[in-house]
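What follows is one structure encoded as structure tokens, with my remarks underneath.
Fair warning: this is a prediction, and the values are worked out from it, not measured in the lab.
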Amino acid sequence: MAQTSPNTHPGWFTRIAHPGMFMGWTRHVVLPLAIATALAFAAGLYVVFFASPPDYQMGDTVRMMYVHVPTAWLSQFCYAVMFSSAIGTLVWRHPMADVSQKAAAPLGAAFTALALFTGAMWGRPTWGTFWEWDGRMTSTLVLLFIYLGIIALWRAFDDQLKAARIVSVVTLVGAVNIPIIKFSVDWWQTLHQPASVFRTDGPTVDFSILTPLLVMTLAFSLLFLTLHLVRMRTEVTRRRIRSLELAQARAAGGAP
Amino acid sequence: MTAFLAILSRDLKLGLRQGGDLLTLVLFFVIVGVLLPFAVGPDRPLLSQLAPAIIWVAALLAQLLSHDRLFRSDFEDGSLALFRQASLSLDGLVFAKLIAHWLLTGLPLVVAMPVLALVLGLSADGFWLAVMTLLAGTPALTAFGAIGAAVTVGLKRGGLVAPVIVLPMSLPVLIFGTGAFDPARVGAASQALLLLAALSLVSMALAPFAAALALRISGE
Amino acid sequence: MSDISLAAEGIVLERGGRAVLVDLSLAVSPGEALMLRGPNGAGKSSALLVLAGLLAPQEGRVRFTGADPDAPPFAHLHWVGHDPAIKSGLSVAENLRFWIDVLGGRRDRMGDALEAAGLAGLEDFDAGLLSAGQTRRLALARLLAIPRPLWLLDEPTSALDADGAHWVGQLLANHLAGGGLAVIATHLDIPFSGDSKTMTLIRAGA
Amino acid sequence: MIDLGQHWEFIAATYAGSVLVIGALIGWTWSASRRARTRVARLEAARKARKA
């Protein structure tokens, strides 16, 4: 029986994903990305409030969709990022995959919470109630719980290397489970509430709402990328702090 | 196969000999089921309408209570490390442990059902349906709980984190388990039972791999 | 017993962000015992865990030559750590029989193993009643009941008195005479006659 | 500003809440990053001083 260490092929990906290299090249990316995010939001908000007409069915409440839809999209996209990073952690044991997972979890939770909040705000004028036990709202709420559980698990571990691999297992199990939860919630909803107010396909999408929707989705995605990158950088720095502190404590302890 | 049966019979023996745990579990299930009517009020029609929900919430909580000890004692006394040198893979051994755990924590709930059925005013049909859903659904609870127990086995205060992870994942079991009782829908019961059984089969088949992976990581 | 040799090359191990083993290499051939000595925190236990396949090193490899390639990994070694893996609530015999079944030994060797461990007559007692020394003897009885060529023992004589230590030494001598191998992490001297070499580990990064 | 119609308060609340949450997220991320950077700078300096 032979054990081999994870091979390091010095390909382009390995090189840019090495923690030291990563810190080097991302340093020059953060500021442009932040500026691009700000510009996209400026453009998006202008289109949302000044350059798009009210929807012929929803009226002005359509303007809430321009925040709701991008945050809802990010709430799932974050999980996809965590899922692929979890595979990176378990299969290749890549340190940057650990860092990416850890950085994405709070962002996912925040965007999911925002999607729920904007959904509730939109629900009041549309359904007449803030919270409707609607299939989408309910499964989004469960998704929020899963994010919070994963964050709690991260925090329960002292050894962050072990935490990354354990959390990866939960993330993968969650990924298998989320569709099942979605299905069960939909099944439950047809049981209790045959006629849903909120049609999944939505009202026919007019071109006039498509532009602000796309621009805002782009802006939110850029925001996620920026925040994720900065948080990854912070996490790499924290690990560096930890090893420096360890070395210092060892030196001060007068170890032989 | 010898290893599989050895684990199964050892866990059953230990569970039955330390009979206190078994009794506590059943007692907890019944107490939760009996306490909820106090919160709702002694309205018999309402209670019998709520009975499936009460039974399933009690079952969920009782199962949650039992998961932490699934791997902890084997982890702490070094047995898990030795399992890695067995002739059977750790996945297989974990599967054996899951079956033993279900026999010790899922099945007794069914045995305690008549008490709750009486107190909650469940009809005979309702009683049998409740028994069927518990039988079909609790293996899935065991499977999800095993994953929660495995990922927190290395944590001293793991008992607190595990339920937060396990409960959202158990939602489908709760939905199908109680959904079977819906009187308004024709075929809801058989549909829900099928879905529960499918969920239990798939999760019992897959959970050992996830749990064994987490146990290997925790053992390092 | 098959002629298995053990070799580890260039093992590098980090745990919790700390270097534990730096470029550890060792080789053990049949009939030979290797004593790992060194201060606390030098990585003796970690080295055994790596050899047992319970810890994956960052670099380097562990090789068994002469092993049956079809056998499941690590099915030809015994690792005995600090924790005895003995359950109270089961009798002495049930404990041993359980491990024989799980690890793939032969049940008919059980009586001899218990006899050799000085536990004859206690078969039906609850293992929770045993003293720490007796528990350790029961844990070591696994080595006799389930023959495997490589023994990886972590402080085998801790919790044992002088007699017990002597017994462990004899166990080892018989095992090596039969062509077995052993790697032993210990800070106590094990009274034992046989072919052995000693390797002293030092604390990494000091 | 354009007229947001009869439900303007919900629209305002949506955007105000989003600004609040995203602002908090940015602030948190930024302050955590800053704290980590100053800490690591201090540790690196201490290490250099020790080596010298």
Is chain B contacted by the side chain of A:V170, its backbone, both, or neither, given a heavy-atom distance below 4.5 Å?
both
Does any heavy atom of chain B fall under 4.5 Å from the side chain of A:L172, the backbone, both, or neither of them?
neither
Among A:L74, A:L227, A:V81, which one satisfies side-chain contact (heavy atoms from CB on, under 4.5 Å) with A:L107?
A:L227
Is A:V185 close to chain B through its backbone or its side chain, or both, or neither, when contacts mean heavy atoms under 4.5 Å?
both
Under a 4.0 Å N-O cut-off, is there an ion pair linking A:R239 with A:E235?
yes
Hey, what's the ring geometry for B:H101 with B:H67, parallel, tilted or perpendicular (30° and 60° as the breaks)?
tilted
Largest heavy-atom contact set with chain B, pairs under 4.5 Å, which of A:D158, A:I146, A:V142, A:L153:
A:L153
With a 4.5 angstrom heavy-atom cut-off, could you sort out which part of B:I165 is near chain A: side chain, backbone, both or neither?
side chain
Can you give me the closest heavy-atom contact between B:A212 and B:L90, atom names plus distance?
O-CD2, 3.7 Å
Heavy atoms under 4.5 Å from chain A: which residues of residues 192-199 of chain B carry them?
B:A192, B:L195, B:L199
Quick one: sort the B:F95 and B:F4 rings into parallel, tilted or perpendicular, breaks at 30° and 60°.
tilted
Quick one: what part of B:S218 sits under 4.5 Å from any heavy atom of chain A, side chain, backbone, both or neither?
both
Contacting moiety of A:F183, where chain B heavy atoms sit under 4.5 Å:
side chain
Roughly how far, to the nearest 0.5 Å, is the CD1 atom of B:I147 from the CG atom of B:L206?
8.5 Å
Any pair with a residue in residues 133-153 of chain B that passes salt bridge (charged side-chain N to carboxylate O under 4.0 Å, His left out), sequence neighbours left out, goes on the list, sorted by first then second residue, please.
none
Trace of the salt bridge (Lys or Arg N to Asp or Glu O under 4.0 Å) decision for B:R216 with B:D91
CA-CA 10 Å; B:R216 275 190 210 112; B:D91 315 306; 3.7 Å; yes
With rounding to the nearest 0.5 Å, note down the distance linking CG in B:L134 to CG in B:L141.
9.0 Å
